[in-house]
Amino acid sequence: MEKRFALVDCNNFYVSCERVFTPGLEGKPVVVLSNNDGCIIARSNEIKQLGIKIGDPLFRWKATIKKCGGHIYSSNYTLYADMSRRVMETLASFAPDIEIYSIDEAFLPLSGLREDSCKYGRRIRHTVKKWTGIPVSIGIGPTKTLAKAAARVAKKDSACAGVFDISHHPEDILAGLDVSEIWGIGYRHARFLKRHGIRTGLDLKEIEDSWIKKHLTITGLRTAWELRGISCIPLEEVSAPKKSIMCSRSFGREVNSFDELRQAVTSYTARAAEKARRQRSAASCIHVFLIENPFVHSHFTSHAACVQLPVPSAHTPELTGYALAILERIFKPGLSFRKAGVMLTGLVPRGQVQMNLFYPGREGLRELSLMKTIDTINTRWGRDTITYAGCGIERPWGMRRARLSARFTTCWNDIPVVKAS
DNA sequence: TCTGGGGTCCTAGGACCC
DNA sequence: TCTGGGGTCCTAGGACCC
């Protein structure tokens with residue numbers, strides 16, 4: 001059977017989430033900032049028209065945005081994650097086997113669909129908008145790469161009304177698609193391809209296999225085949241467990257005291273361990289790193305070390321013990337740090353942990369049940385309802401989020417009030 | 001003054017084995 | 001003293017994605 005995929009992509013997702021609860025933002029320039037309010041990571045169309053790029057630092061554009069009546073928000077991931085869940089649940093009502101590709105994108109299998117694909121797409125689009133308030137664009141094609149290309153057209157060309165099926169004349173679209181805009185072709189490869197006269201999707205599609213494989217490896221070859229309509233990248237309905245888990249943050253200000261670093265590392269370890277437990281994994285190895293302020297010193301300096309655990313674990317107190325021992329090793333008095341992070345690697349399923357003959361492990365039934373209880377409470381009542389004293393109370397090193405919107409969907413006190421007269 | 005966070009996959013090359 | 005072919009595993013670095 002002919003394969004067919006739809007890519008559903010939320011338009012300017014973070015901005016759209018803010019607009020759902022602050023309708024006055026509709027039609028106005030809006031940006032959402034990265035952690036610490038440093039750079040711009042989401043833009044409304046009005047902002048894109050000003051030539052502001054993703055990743056641009058806020059200070060460069062702040063005056064311009066203010067001058068044209070724009071609005072600036074800190075990122076509110078709690079809100080975006082909750083809105084994403086709502087969108088995905090809506091999509092799952094159309095096709096149970098969706099692949100949640102990122103916070104704002106999902107692939108849907110369309111093989112065997114009887115009705116007109118665009119009509120079906122428009123129904124999905126209408127439903128998502130009605131149920132969640134989020135506008136989406138939908139691209140349809142015989143491969144995931146072509147569906148991605150179709151979604152670009154759906155988003156840019158207003159004649160499509162948000163839905164485009166590339167199946168009929170893919171060449172016409174690919175001829176107008178810059179090679180750098182193809183899914184899987186990043187900045188480096190695009191630059192390389194252009195040096196060799198390969199500028200569009202159509203050019204790439206027609207290049208000889210051996211040349212592509214030699215220069216772009218097997219992943220590049222897969223992309224070329226996908227452009228030819230041969231599906232090489234399957235739908236992944238069940239998300240595979242992560243092979244590594246990281247929690248790292250830039251500080252709201254420079255940090256040089258050991259005590260504050262200890263609070264940060266304890267917090268990040270707790271968060272990473274929680275993620276590991278959620279996917280039922282235990283970590284064999286824990287890494288801790290500190291990064292000096294790269295903007296102050298001419299070179300970027302990081303300090304890092306890791307330890308191998310005697311028995312893989314997801315027990316927060318045990319992992320914290322190792323993390324803090326590493327911190328003591330890598331900490332250098334007198335230096336200022338911008339960022340710290342904790343990474344768990346060598347993740348194994350918790351049911352298959354290899355025991356150690358000479359080390360009983362600290363994760364007994366009592367410990368397991370304590371972690372489970374803490375996780376349950378924090379899921380039910382919100383993150384950090386129960387936390388570790390070592391994480392600190394004030395957290396003066398925490399990130400800056402000066403323009404944070406309310407927890408509209410996840411906190412009773414913040415639920416919007418509607419007044420009817 | 002001010003520049004995010006979190007992942008995956010592939011390849012080349014070295015070490016080592018028979 | 002020098003010599004062949006075939007294989008695995010690990011790591012670092014590079015590329016990609018959102």
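Values below: every heavy atom of this structure, side chains too, minus hydrogens, waters and symmetry copies. Computed from a predicted model, the values in this text were never measured in an experiment. Residue numbers start from 1 in every chain, and the chains themselves are labelled A, B, ... in the order their sequence lines are given, proteins ahead of strands.
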- Task: Check every atom of B/dT3, B/dG4, B/dG5 against the side chain of A/Tyr77 and return the nucleotide holding the closest atom.
- Result: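 Within the option list, the nearest is B/dG4.
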- Task: Choose from B/dG5, B/dT3, B/dG7 the nucleotide whose nearest atom is closest to any side-chain atom of A/Cys39.
- Result: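 Closest nucleotide to the A/Cys39 side chain: B/dT3.
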Expressed as a whole number of angstroms, how long is the span from [X]:[atom1] to [N]:[atom2]?
X: A/Ile245; N: B/dG7; atom1: CD1; atom2: P; answer: 6 Å
X: A/Phe251; N: B/dT1; atom1: CZ; atom2: C1'; answer: 19 Å
X: A/Phe59; N: B/dT3; atom1: CZ; atom2: C1'; answer: 7 Å
X: A/His287; N: B/dG7; atom1: NE2; atom2: C1'; answer: 14 Å
X: A/Arg253; N: B/dT1; atom1: CZ; atom2: C1'; answer: 15 Å
X: A/Arg401; N: B/dG5; atom1: CZ; atom2: C1'; answer: 13 Å
X: A/Met343; N: B/dT8; atom1: CE; atom2: C1'; answer: 13 Å
X: A/Leu33; N: B/dT3; atom1: CG; atom2: P; answer: 12 Å

Less than 3.5 Å apart, any donor N or O on the side chain of [X] or [Y] sitting next to an acceptor on the other?
X: A/Asn12; Y: A/Ser44; result: no
X: A/Arg125; Y: A/Ser137; result: no
X: A/Thr217; Y: A/Thr219; result: yes
X: A/Thr409; Y: A/Asp82; result: yes
X: A/Tyr322; Y: A/Gln308; result: no
X: A/Ser257; Y: A/Asp259; result: no

- Could you tell me which non-hydrogen atom of A/Lys242 sits nearest to which non-hydrogen atom of A/Gln279, and how far apart they are?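 Scanning both residues completely, I find the closest heavy atoms to be N-OE1, 2.7 Å.
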Look at the side-chain N and O atoms of [X] and state whether any lies under 4.0 Å from the OP1 or OP2 oxygen of [N].
X: A/Ser34; N: B/dT3; value: no
X: A/Ser248; N: B/dG6; value: yes
X: A/Arg338; N: B/dG4; value: no
X: A/Lys214; N: B/dC10; value: no

- Are A/Trp183 and A/Phe107 close enough that their ring centers fall under 6.0 Å?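 Under 6.0 Å, so yes.
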- Ring centre gap for A/Phe337 and A/His303 strictly below 6.0 Å: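 Centroid separation for A/Phe337 and A/His303: below 6.0 Å.
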- Query: Counting a pair only when it is Watson-Crick or G-U and both distances are under 3.5 Å, which runs of at least 3 such pairs involve DNA chain B?
  - Reply: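 For DNA chain B the paired stretches long enough to count as stems (3 pairs minimum) are B:5-18 with C:5-18.
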- Query: Of all of residues 221-232 of chain A, which get a heavy atom below 4.0 angstrom from DNA chain B, listed by number?
  - Reply: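 Nucleic-acid contacts, sorted: A/Arg222.
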Sugar-phosphate only, base, or nothing, as touched by [X] at under 4.0 Å among non-hydrogen atoms:
X: A/Lys243; result: sugar-phosphate
X: A/Leu58; result: nothing
X: A/Arg60; result: nothing
X: A/Ser244; result: sugar-phosphate

Can you tell me if [X] uses its side chain to pair, donor with acceptor, with the backbone of [Y] under 3.5 Å?
X: A/Ser75; Y: A/Tyr77; value: no
X: A/Glu226; Y: A/Thr145; value: yes
X: A/Asn76; Y: A/Ser405; value: yes

- Nucleotide by nucleotide, nucleotides 11-18 of chain C touches protein heavy atoms under 4.0 Å in the pattern (B base, S sugar-phosphate only, - none) ----SSSS
- Query: How do A/Cys247 and A/Lys213 order along DNA chain B: which one's closest nucleotide is nearer the 5' end?
  - Reply: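 Its nearest nucleotide lies further toward 5', so the answer is A/Cys247.
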- Query: Starting at the 5' end of DNA chain B and moving along, which residue's nearest nucleotide shows up first, A/Asp37 or A/Thr217?
  - Reply: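 Its nucleotide being nearer the 5' end, the pick is A/Asp37.
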- Message: I'd like to know whether A/Met246 forms a side chain to side chain contact (heavy atoms under 4.5 Å, CB included) with A/Phe289, so could you lay out the CA-CA distance, the side-chain angles of the two residues, the decisive distance to 0.1 Å, and finally the verdict.
- Response: CA-CA 11 Å; A/Met246 174 140 78; A/Phe289 62 86; 4.0 Å; yes
